[in-house]
Every structure is written in C-alpha cells, then in structure tokens.
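Letters go in sequence order (proteins before strands), and every chain restarts at 1. Atom set for the values below is all heavy atoms of this structure, side chains included, hydrogens, waters and symmetry mates excluded.
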2 protein chains.
Amino acid sequence: MNIDGRLARGQRTRTAVLDAAVSLASANGLDGLSLGHLAESLGVSKSGLFAHWRSKEELQLATIDRAVAQWREKIIGPALRAPRGVRRIHALHEARVDFYADRVLPGGCFFATTEFEFNARPGAVRDRLAEVFAAWTGFLERLVAEAVDLGELPADTDVAVLAYEIDAYGIAAAMRSRLLDPEATYRHARLGVLSRLRALCPDPALLPEGTS
Amino acid sequence: MNIDGRLARGQRTRTAVLDAAVSLASANGLDGLSLGHLAESLGVSKSGLFAHWRSKEELQLATIDRAVAQWREKIIGPALRAPRGVRRIHALHEARVDFYADRVLPGGCFFATTEFEFNARPGAVRDRLAEVFAAWTGFLERLVAEAVDLGELPADTDVAVLAYEIDAYGIAAAMRSRLLDPEATYRHARLGVLSRLRALCPDPALLPEGTS
DNA sequence: AATATATACGACCGGTCGGTCTTATTGGTT
DNA sequence: AACCAATAAGACCGACCGGTCGTATATATT
C-alpha cells in the first residue's frame, strides 16, 4: 500500500498482501481466510483486492506461491549454503525446525494446514498443493541421494524411505508443537534426525555431537 | 434415526450422527462441517440436531470423542491383542497404516485435519484436542518403555524420541497419501518402522522380514 | 488551472452459516 | 376415545461470506 494506506500497483504491494495472507491462512486455513479480514488487517478495502486477483481462488493460488518463496528463502536457502551431503540434509532439517520454533507463522506450518484442509477437496488449489509437495519430496530425495553418492551414507540406503523419515520428523514437529510441549517437540525433532544421520554416516565427525 | 427417518433418543442414534460427523469433518474440517449438510446426509432436519447437542461446539466436542472411540477400536484394539513389546508397537503402527490405506475416512485422518484446523484457535475444541494428543503420545511412550523393560529394545533407548519417530511415520503417511502416490507412501511408512524396530531389537525374529 | 484517467472505497447483492421458534405429529396413558 | 408429553419439521433470523458496481478522489497531462 502507499504511505496513506492505499493499495498501489506493483510487485511490492502484492507481496505485502500475500505475506499477510500466508500468515492468516497458516492459522485459519486457505479457505477459512476471510478477504474482509485480510483487507482490514492491511487497512485496505476488500474490493481493492479484486483489482489484483480476480477471485478468491486466484488469490489462494498466489498465496501458495508466496509461501513457497518464503520456504525457499528461509529453509532451502540455508541448506544450500551448507556443504553437500549429510551436513546439507542436517542444515535443511535444522532450518525447518528453526522456522517452526521461531513462530514465524501463527499456525506453525502453512503447508501442513492447507494440505489437510484441501486433500479431500478436488480443485485447482489441491492440484497446486500436490505439485508443491511432489517438488519438495523430490528435492529431499535428491539431497539424500547426493549424500549416498558422496559416501556419507551407506550405499545400500533406501533413499525414498530415509527422505520420508526426515520429512516425517519435520511434519510431526509442526503438528505437535502447537498442542503439546513445544520445547520437547523441537528437541525430539532435532535429536532424532541428528542421531539417525550420525548412526548412518561412516564419518560422524561431519555432524555435531548429539546430546539429549 | 427411526425406520421412518426420524431422530430418536438413545445412544445408538447419537453414535450414528457422530459417525457421519467424523467422516464429514475428516474431509472438510470440524469447523467446515455444516450442520445443514450433516442433517441432510442423515435425512433429518437441522433443528433436530439441536435437541441432542445445544450448540455446534458441543457437537464438535462429541465428534472428537467419537473419533477417539473409533481410533481405540480400530487401531489400539488390534495392538493390545498382540504380545507386549516390539510386536505390539509394530501391530499398532500397522493397524494405523491399514486404517489410512483402507480409506475409512475420506479425509485420511480426522485428528490431523482437526489439529491443523484448531491449533492456532484457542477454545474448548483446541483444549480437547490437546488432551487427546497428550493421551496418545503417552500411550505410545508407554508401549516403547514396555519394550525396553522386556529387553526387546536397547536399555539406553531414548523412549520419547523413538515414540516420536514412530508417530511421525504415521503422521507423514496421513499427510502424503492424499496428495502423492498412496501406495508408495504406505510402503515407506510400513517399511521404515519395521526396519527401525528390527535394527534395534536384539531378537529380530520377533518381527517379520522387511522387504522393499 | 482545467481536464482526463485511473483507482480505491463503501454500499450492496445473493447465498450460506449457526441458531431459534412455532407448529404439527407422534406415541403412550388412563 | 381422549388427552398429554415429547419431539421432529421447516420457516425464519441476524451475521458473515465472496463478489459487483457506482461514485468520489487522487494523479498525470496539457
């Protein structure tokens, strides 16, 4: 919006709206997201939103894309700055748990919230989410395969199952940290993946010590 | 309801309504559950529901309790029929994956759906869900501790972390099976826990062979 | 300064929601 | 057969939803 609160054209405005949408949707769902509340939280009129997105569904799809961009920046970025192999896998998982622990989003995880909201509801939103999840699991599996190729994980590692396991630790963290003891949840999530990687890696010195 | 479609008093009627509510809510959420649609799916008037539950929230809480009863019957029951120790843990996990794989509920998992719907929304529903999740994780941890006591898992096992891991495999199964390849998801979920238990158990003969 | 253009606003629409209430019908009792 | 208590039905209410549209205002141009 402008200094006086008006919505203006341009990418920056759209991004600000979508950031607010990601935040609200992580708590109330992408369908539970009220355009009236969204506009109000930005000090903007509801009808102004329809100048940028033709329908709620279009804004929902754009919100998913924005959440992907946030995920890339906050979780995938730090991982890619770590050296390839088990250390990169560990960095990815740590960045993910950090993201949840920092309470960046009120709902904990935008993707978990929207997945369970739409997984039984056919439509464009569901299809887009399926694409995002497929890309994510593919990325994780590539990281694990890379570590195997580097000899930092046993050659007979079942790549898909190990990638599944690492992802599962993260999903469980998002789920439990909001209803049960958050600190214990993060500790279990971090310690579980770390000790698993250390146990599998022929050179445990690549990873920090695991202490409970 | 009666033969002619009327709602009648009695526990059986309530149970039938709540079963339908669990099914609908697993797909559309506990808040997304429309009382009009629920009544219509039962061939009953909406106002009739208010004779049994004073408000939607009351019906939501009763629906959670009904889902717990289903979970007890379908997942905890089979586990308790297996011998204590790692076999019981394995039976619990298998029953859980079976439950998802059998497509008992359209949404995959009632608790996952409602957890992510309410974890950022204070109120009676959220509090009730927190109780349920605490009881569930406590149960899982007791099963793991039991296996440790029986010598079927190493004495230095971190009970909380291993219980977390097993639960995580189940959560991930519920999440992925609806957007990604379901068969691969179930295979990973089953194989992951089985191979973990076999690797940890001093007597792997207690568990079936793990084949990918 | 006057005009033309773009755009943000707020009233408004139809539809659905949870919830209420009056009415009609049922089944049991004497 | 007549009455009574219980209860299901459906019309109805206010609130909120996504979405539309006419109008007032700010900006850019000449």
Side-chain angles (χ1 to χ4, degrees), chain A residues 1-18 20-22 24-25 27-64 114 117-118 121 123-126, chain B residues 1-18 20-22 24-25 27-64 113-114 117-118 121 123-126 128:
Chain A
M1 50 245 97
N2 282 335
I3 298 167
D4 57 356
R6 296 271 189 81
L7 263 179
R9 281 182 170 275
Q11 199 58 38
R12 216 156 22 157
T13 300
R14 287 175 55 97
T15 302
V17 174
L18 294 178
V22 170
L24 286 174
N28 300 104
L30 210 38
D31 214 63
L33 172 66
S34 156
L35 299 187
H37 290 161
L38 174 61
E40 191 183 5
S41 80
L42 292 160
V44 151
S45 73
K46 185 176 61 168
S47 55
L49 296 177
F50 285 89
H52 294 259
W53 299 274
R54 265 176 290 198
S55 66
K56 182 177 188 179
E57 189 180 59
E58 221 172 75
L59 190 142
Q60 288 173 324
L61 294 173
T63 302
I64 293 173
T114 56
E117 192 182 8
F118 280 93
R121 218 184 296 182
V125 172
R126 200 202 99 109
Chain B
M1 46 243 104
N2 282 335
I3 298 167
D4 56 357
R6 298 272 190 80
L7 267 178
R9 277 181 172 278
Q11 200 57 38
R12 218 159 18 164
T13 299
R14 287 176 55 98
T15 302
V17 174
L18 294 178
V22 170
L24 287 174
N28 300 105
L30 210 39
D31 214 64
L33 172 67
S34 156
L35 299 186
H37 290 160
L38 174 62
E40 191 183 6
S41 80
L42 292 160
V44 151
S45 74
K46 185 176 61 169
S47 56
L49 297 177
F50 285 88
H52 294 258
W53 300 276
R54 265 175 290 196
S55 67
K56 183 178 187 179
E57 190 179 60
E58 220 171 75
L59 190 142
Q60 288 173 324
L61 294 172
T63 303
I64 293 173
T113 301
T114 55
E117 194 182 7
F118 281 94
R121 218 184 296 182
V125 172
R126 199 201 100 108
R128 187 83 190 85

Once you round it to whole Å, what is the distance between C1' of D:dG10 and CG of B:Leu49? 14 Å

Mark up nucleotides 13-20 of chain C, 5' to 3', with B wherever a protein heavy atom is under 4.0 angstrom from a base atom, S wherever such an atom reaches only the sugar-phosphate, and - elsewhere. ----SBBB

Please find the pair of heavy atoms, one from A:Ala21 and one from A:Leu59, that lie closest to each other, and give the distance. CB-CD2, 4.4 Å

Sequence-distant partners of B:Ala124, side-chain contact (heavy atoms from CB on, under 4.5 Å), two or more places apart: B:Glu57, B:Leu61

Show me the donor-acceptor pairs within less than 3.5 Å that the side chains of residues 29-40 of chain A make with the rest of the protein, sequence neighbours left out.
{"residue": "A:Asp31", "atom": "OD2", "partner": "A:Arg121", "partner atom": "NH1", "Å": "3.4"}
{"residue": "A:Ser34", "atom": "OG", "partner": "A:Gly36", "partner atom": "N", "Å": "3.3"}
{"residue": "A:Ser34", "atom": "OG", "partner": "A:His37", "partner atom": "N", "Å": "3.2"}

When the distance from CD of B:Glu40 to P of D:dG10 is rounded to whole Å, what number comes out? 12 Å

Minimum-distance pair of heavy atoms, taken over all atoms of B:Leu18 and B:Ala62: CD1-O, 3.8 Å

Give, for atom CD of A:Gln60 and atom CD of A:Glu58, the distance between the pair rounded to the nearest 0.5 Å. 11.0 Å

